[in-house]
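Accompanying notes for the structure given below.
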Amino acid sequence: MSRDVIDGLKRGVLIGAVAALVLLSLLHLARLHGFIGASTPAVPAAAAAVTADVPAGPRFADFGDLEPPSDVRRIADWASDARDNQGLDFIVLDKREAHVYVFDANGRLREHTPVLLGAAAGDDTVEGVGKKPLHEVKPEERTTPAGRFVGESGRNLDGEDVFWVDYHAAVSMHRVRQIEASERRLDRLASATPSDNRISYGCINMPTDFYDAVMVPAFLGRRGVVYVLPETRSFEETFPTAYDVALRHGTARRQASAE
């Protein structure tokens with residue numbers, strides 16, 4: 001056998017030995033750091049932290065000690081479980097009860113309040129009503145529309161800060177205004193029943209203290225999702241993708257959220 005062949009074999013053996021030592025060292029380091037083990041691979045710390053943040057079960061809206069109407073709970077639970085609120089604080093408006101519920105991004109109820117709504121019953125906005133002067137809006141056109149809206153804080157033509165529910169329809173949430181004494185808007189808000197809470201042109205009037213203490217901190221300069229429950233249409237027609245969280249997950253409903 002020639003010297004060149006022998007030298008080649010020696011180099012091959014040496015390279016193989018070095019490669020084996022490198023592989024063994026890498027395996028040893030991997031075991032030390034927990035990336036491989038005898039059976040189940042270990043999860044790196046960063047990945048474990050992410051996994052721990054994902055709820056294993058359903059997410060229900062947290063109403064605390066409050067027992068809301070069934071459709072209010074249904075839409076709030078779904079928004080929380082489906083993450084339909086897109087990481088934003090959200091609002092549920094129950095038109096039948098003339099009541100608003102404000103939630104944080106994790107589905108925890110911040111606060112709730114009675115409100116004043118559009119004088120006319122109905123779940124649709126009349127086309128072009130947002131461009132009309134108030135005195136031209138007919139009584140039957142004064143509706144508060146139902147559905148899902150991505151609202152945003154802003155200002156109206158008078159420079160007042162408001163929370164726009166549907167900007168193009170000129171529907172917003174704002175502090176109650178005592179424009180005409182005969183309307184008794186403050187008295188209507190303070191009454192025990194929702195039967196006299198239909199008075200506005202479509203906007204949602206809130207108590208001033210509530211707007212300043214809840215709406216401004218939650219939404220000033222920010223967006224939020226608004227779910228307006230229907231009064232003439234069905235829930236399923238208005239929110240076709242919403243599901244019952246307990247039925248979907250095959251579990252009993254609970255009040256506390258998964259967060």
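All heavy atoms count here, side chains included; hydrogens, waters and symmetry mates do not.
The heavy-atom pair separating Phe90 from Gly107 by the smallest distance is CE2-CA, 3.9 Å. In terms of heavy atoms, Trp164 sits closest to Asn156 at CZ2-CA, 3.9 Å. Nearest heavy atom pair, residue Thr144 against residue Gly202, reads OG1-O, 2.8 Å. Shown here for Cys203 and Ala170, the closest heavy-atom pair between the two residues is SG-O, 3.5 Å. Closest heavy-atom contact between Ala105 and Gly87: CB-O, 3.4 Å. Closest of all the heavy-atom pairs between Pro58 and Val245 is CB-CG1, 3.7 Å.
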request  = Begin from the C-alpha positions of Arg184 and Ile199 and carry the test side-chain contact (heavy atoms from CB on, under 4.5 Å) through to its verdict.
outcome  = CA-CA 9 Å; Arg184 302 182 300 104; Ile199 188 65; over 6 Å; no
key: Worked verdict on Phe219 versus Val214 for side-chain contact (heavy atoms from CB on, under 4.5 Å)   = CA-CA 8 Å; Phe219 298 107; Val214 179; over 6 Å; no
Evaluation steps, ring pair (Phe, Tyr, Trp, His ring centres under 6.0 Å), between Phe63 and Phe103 = CA-CA 9 Å; Phe63 286 88; Phe103 298 84; 5.3 Å; yes
query = Would Lys138 and Val126 satisfy side-chain contact (heavy atoms from CB on, under 4.5 Å), going step by step from the backbone distance to the final call?
reply = CA-CA 10 Å; Lys138 300 175 182 178; Val126 176; over 6 Å; no
CA sep, side-chain torsions, deciding dist, call: Arg73, Glu67, side-chain contact (heavy atoms from CB on, under 4.5 Å) = CA-CA 9 Å; Arg73 182 180 291 283; Glu67 188 58 43; 3.6 Å; yes
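Annotation: side chain of Arg175 is in contact with side chain of Asp212 (closest heavy-atom distance under 4.5 Å). Met173 places none of its side-chain heavy atoms less than 4.5 Å from the side chain of Val171. Residues Leu186 and Val176 form a side-chain contact, since some pair of their non-hydrogen atoms from C-beta on lies under 4.5 Å apart. Taking 4.5 Å as the limit, every side-chain heavy atom of Tyr243 sits out of range of all side-chain heavy atoms of Thr241.
Screening Arg110, Arg108, Arg222 for a salt bridge (Lys or Arg N to Asp or Glu O under 4.0 Å) involving Asp89 leaves a single residue, Arg110. Each of Ile75, Leu93, Asp123 was evaluated against Leu229; a single residue qualifies, Ile75, per the side chain to side chain contact (heavy atoms under 4.5 Å, CB included) test. Between Phe163 and the options Ile204, Ile91, Val216, a side chain to side chain contact (heavy atoms under 4.5 Å, CB included) holds for only Ile91.
Both Tyr211 and Val115 belong to a common hydrophobic cluster when Ile, Leu, Val, Met, Phe, Trp and Tyr are linked at side-chain heavy-atom distances under 4.5 angstrom. By the rule that hydrophobic residues join a cluster once side-chain heavy atoms approach within less than 4.5 Å of another member, Val150 and Met215 end up as members of separate clusters. In terms of hydrophobic clustering, with Ile, Leu, Val, Met, Phe, Trp and Tyr side chains grouped at heavy-atom distances under 4.5 Å, Leu116 and Val165 are assigned to different clusters. Cluster membership for Met206 and Phe149, using ILVMFWY side-chain heavy atoms within less than 4.5 angstrom, is shared. In the hydrophobic clustering of ILVMFWY residues, with side-chain heavy atoms under 4.5 Å counting as a link, Leu247 and Phe239 come out apart.
Of the inter-residue distances, the one linking His174 atom NE2 with Asp161 atom CG reads 11.0 Å to the nearest 0.5 angstrom. Expressed to the nearest 0.5 Å, how far CZ of Arg185 lies from CG of Asn197 amounts to 11.0 Å. One finds the CG atom of Asp124 at 4.5 Å from the CZ atom of Arg233 (value rounded to the nearest 0.5 Å). How far CG of Leu88 is from CD of Glu152: 10.5 Å, rounded to the nearest 0.5 Å. The CD atom of Glu111 lies 9.5 Å from the CG atom of Leu66; values are rounded to the nearest 0.5 Å.
Checked by atom type, the side-chain pair Asn205/Ser200 shows no donor-acceptor distance below 3.5 Å.
Side chain of Lys95 to backbone of Ala121: no donor-acceptor contact under 3.5 angstrom is found. Looking at Arg198, its side chain never comes within 3.5 Å of a backbone N or O of Asp196 through a donor-acceptor pair. One N or O on the side chain of Arg96 and one on the backbone of Pro230 form a donor-acceptor pair closer than 3.5 Å. The main-chain N or O of Phe60 is never found under 3.5 Å from a side-chain atom of Asp77 such that the two would form a donor-acceptor pair. Not one N or O on the side chain of Thr143 forms a donor-acceptor pair closer than 3.5 Å with the backbone of Pro145. A donor-acceptor contact shorter than 3.5 Å links the side chain of Asp104 to the backbone of Asn106. In this structure, the side chain of Arg223 does not engage the main chain of Gly151 through any donor-acceptor pair within 3.5 Å. Checking side-chain atoms of Arg59 against main-chain N and O of Ser80 turns up a donor-acceptor pair under 3.5 Å.
Using cut-offs of 30° and 60° for the angle between ring planes, the Tyr101 and His99 rings count as tilted.
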